[in-house]
Amino acid sequence: MAAQEEVAALGAIYSDDFQLLSESESEGITFQIHTICEHHAKKIQLKVTFHLSPEYPVCLPDISICSDQLNRKQCCDLKLSLMQYAGSLLGQPMVYELMMWLQQNFKEDADRVLVDQTSEGDSSQQLCSADGSVWMALLHLDHMRAKAKYIKSIEKWISDLRLTGRLMFLGKLILILLQGERKAIKDYLVLQKTSKVDVDSSGRKCKEKMLSVLCEVKLQAGQLRLTSFAVKEFTSGAELHQEFEALGLSGLYDKFVRFSKIPAT
């Protein structure tokens, strides 16, 4: 009821710039707000879509941002900034506050994300942090019920954030190896934890609550720098070990996989 009242108020405030997309008791409410933000006298038109689940505002809304004037990664970066601010408003109606924050902070945030596409360089250069380093993270997922959808989401985030790595399956064991800029890895973790990527035992969409970050370190000499992302299924621990060994990550395997209590079967 509180969410419905909030949405009704938003419709009145934004009038022709508000569009109700769907509403149901089981799935919640989805709507879109059109807004214009200024960046150095240039007007940037944004479409901000919110999905309020039945649990909102106890849980964060799902948010997406799109614009004909920005590319997908730039929109993703803006979304991540907005999601981080949303975390400070948890438990209260927040959509209007989020829209006001976006208007007030757009110029500063845009200065960070609106880069000239002609100066981006090749993908291998983009993996480097400011000091030229490449970071690596090893993540463990407890389970995937909606496997195909979950994998598709991971692949999209990896592409948007220009990360590389592996999604590896061995029985019940699910590992994600990421390489790239440290901030991009941090942004990936925000997406992983705040997006509805799986379903619970009742078949309802849910967020990832069982993600473990096993390690997050700089890539060292002798460790292979990946240039792509791949999904791999293994049939034995020996096969998985060979994969880590080929990447120069035997130490990582021994410390976090071989001798861990993570189930492999």
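The first residue in the sequence is number 1, and the count goes up from there.
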About how many Å separate [atom2] of [Y] and [atom1] of [X], when rounded to the nearest 0.5 Å?
X      : Y      : atom1 : atom2 : answer
Cys66  : Gln32  : SG    : CD    : 6.0 Å
Leu249 : Met136 : CG    : CE    : 5.0 Å
Ile158 : Leu167 : CD1   : CG    : 9.0 Å
Ile65  : Leu70  : CD1   : CG    : 9.0 Å
Ser195 : Trp157 : OG    : CH2   : 4.5 Å
Asp187 : Arg162 : CG    : CZ    : 12.5 Å

Quiz item: So Met168 and Phe234, side chain to side chain contact (heavy atoms under 4.5 Å, CB included) or not? Walk me through it.
Solution: CA-CA 7 Å; Met168 299 173 282; Phe234 300 93; 3.7 Å; yes
Shortest non-hydrogen separation from [X] to [Y] and the atoms involved:
X      : Y      : answer
Met94  : Pro57  : CE-O, 4.5 Å
Leu163 : Ala184 : CD2-CB, 3.7 Å
Ala3   : Leu52  : CB-CD1, 4.3 Å
Ser236 : Leu170 : N-CD1, 3.5 Å
Thr164 : Thr227 : CG2-C, 3.6 Å
Leu98  : Pro61  : CD1-CG, 4.5 Å

Given side chains that start at C-beta, do those of [X] and [Y] come closer than 4.5 Å, heavy atoms only?
X      : Y      : answer
Leu138 : Phe244 : yes
Met144 : Ile154 : yes
Ser22  : Thr30  : yes
Leu173 : His140 : yes
His241 : Glu243 : no
Met83  : Lys79  : yes
Ile36  : Leu46  : no
Leu214 : Leu175 : yes

Self-check item: Sidechain N-carboxylate O distance under 4.0 Å for Glu216, Arg182
Solution: yes
Short question: side chain of [X], backbone of [Y] - any donor-acceptor pair under 3.5 Å?
X      : Y      : result
Ser153 : Lys149 : yes
His51  : Glu27  : yes
Lys47  : Ile33  : no
Ser159 : Glu155 : no
Gln179 : Leu226 : yes

Exercise. Report the residues that fulfil side chain to side chain contact (heavy atoms under 4.5 Å, CB included) with Leu20, sequence neighbours left out, ordered by chain and then residue number.
Key: Val7, Phe18, Glu23, Ile29, Phe31
Quiz item: side chain to side chain contact (heavy atoms under 4.5 Å, CB included) between Leu161 and Leu191: does it pass, once the steps are laid out?
Solution: CA-CA 11 Å; Leu161 296 170; Leu191 285 170; 4.1 Å; yes
Self-check item: Residue list, salt bridge (charged side-chain N to carboxylate O under 4.0 Å, His left out) with Lys147, at least two apart or on another chain
Solution: Glu233
Practice problem: Examine Val58 and Leu90 and state if one hydrophobic cluster contains both, with Ile, Leu, Val, Met, Phe, Trp and Tyr joined whenever side-chain heavy atoms are less than 4.5 Å apart. | Solution: no
Quiz item: Can you get from Leu21 to Leu10 by hopping between Ile, Leu, Val, Met, Phe, Trp and Tyr side chains that sit under 4.5 Å apart?
Solution: no
Quiz prompt | Working for side chain to side chain contact (heavy atoms under 4.5 Å, CB included), residues Asp62 and Thr49 | solution = CA-CA 8 Å; Asp62 286 335; Thr49 303; over 6 Å; no
Quiz item: Under 6.0 Å from the CD atom of Gln19, do we count more than 12 heavy atoms belonging to anything else shown?
Solution: yes
Quiz prompt | Selection residues 66-88 - residue pairs positive for ring pair (Phe, Tyr, Trp, His ring centres under 6.0 Å), sequence neighbours left out | solution = Tyr85-Trp101
Quiz item: Would you say the side-chain atoms of Thr35 and Gln103 include a donor-acceptor pair closer than 3.5 Å?
Solution: yes
Quiz item: Do you see a donor-acceptor pair shorter than 3.5 Å between the side chains of Tyr56 and Glu6?
Solution: yes
Self-check item: Check against side chain to side chain contact (heavy atoms under 4.5 Å, CB included), Val231 and Phe169
Solution: CA-CA 8 Å; Val231 180; Phe169 295 91; 3.8 Å; yes
